[in-house]
Amino acid sequence: MFRPKVPTNPTPTGLVTSCAVEPTDTVRHTPPPAPVAQPSTRPAVQLTPGTALALVGGGTAVVLVVGAVLVSMLLAVAISGVSIAVCAVVLRSLLASGRTHR
């Protein structure tokens, strides 16, 4: 298919020799026969009203739980930010009053 081209390399004496590539016989492979599709022996999934209701209920529960977790994380970050801001104001006030009283 692809034959590499070997470059000619000069020898230390200055003589140039080329490497000859022997042609090889091409071998043709026949592709394997295509697999035959076997008919499915198991029945197709059928949704009854009860299983559809269970899937909807389960999906709703997952959405509610994930939402509650995300909201609680947001509240934790907000409360932490507010508490750090209050601490900064108190420290600033203490440092400012210490400078003016001396």
Side-chain angles (χ1 to χ4, degrees):
M1 193 166 150
F2 295 109
R3 296 185 189 219
K5 305 280 188 207
V6 180
T8 59
N9 297 323
T11 60
T13 60
L15 298 174
V16 178
T17 60
S18 63
C19 299
V21 177
E22 296 283 332
T24 59
D25 293 334
T26 58
V27 178
R28 302 213 182 252
H29 295 284
T30 57
V36 178
Q38 297 292 331
S40 178
T41 58
R42 50 183 199 168
V45 176
Q46 296 179 356
L47 290 178
T48 61
T51 56
L53 187 63
L55 285 175
V56 169
T60 304
V62 167
V63 167
L64 289 176
V65 168
V66 170
V69 168
L70 290 177
V71 168
S72 65
M73 289 173 63
L74 179 65
L75 284 174
V77 169
I79 291 170
S80 299
V82 168
S83 65
I84 289 172
V86 168
C87 289
V89 168
V90 169
L91 284 175
R92 182 178 172 194
S93 171
L94 289 174
L95 290 174
S97 67
R99 289 185 192 150
T100 57
H101 287 246
R102 289 188 178 184

Donor-acceptor pairs under 3.5 angstrom involving side-chain atoms of residues 51-66: please list them, not counting sequence neighbours.
from, atom 1, to, atom 2, distance (Å)
Thr51, OG1, Thr48, N, 2.9
Thr51, OG1, Thr48, O, 2.9
Thr51, OG1, Thr48, OG1, 3.3
Thr60, OG1, Val56, O, 2.8

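Atom CD1 of Ile79 is separated from atom CD1 of Ile84 by 12.0 Å, given to the nearest 0.5 angstrom.
Under a 4.5 Å side-chain heavy-atom cut-off, the cluster of Ile, Leu, Val, Met, Phe, Trp and Tyr residues that includes Leu91 has no other member. Cluster note: Leu95 groups with no other residue, as no ILVMFWY side-chain heavy atom lies under 4.5 Å from it.
Legend: side-chain hydrogen bond (donor to acceptor under 3.5 Å, both in side chains) pairs involving residues 68-86, not counting sequence neighbours: none detected.
For Leu75, the side chain to side chain contact (heavy atoms under 4.5 Å, CB included) criterion is met by Val71, not counting sequence neighbours.
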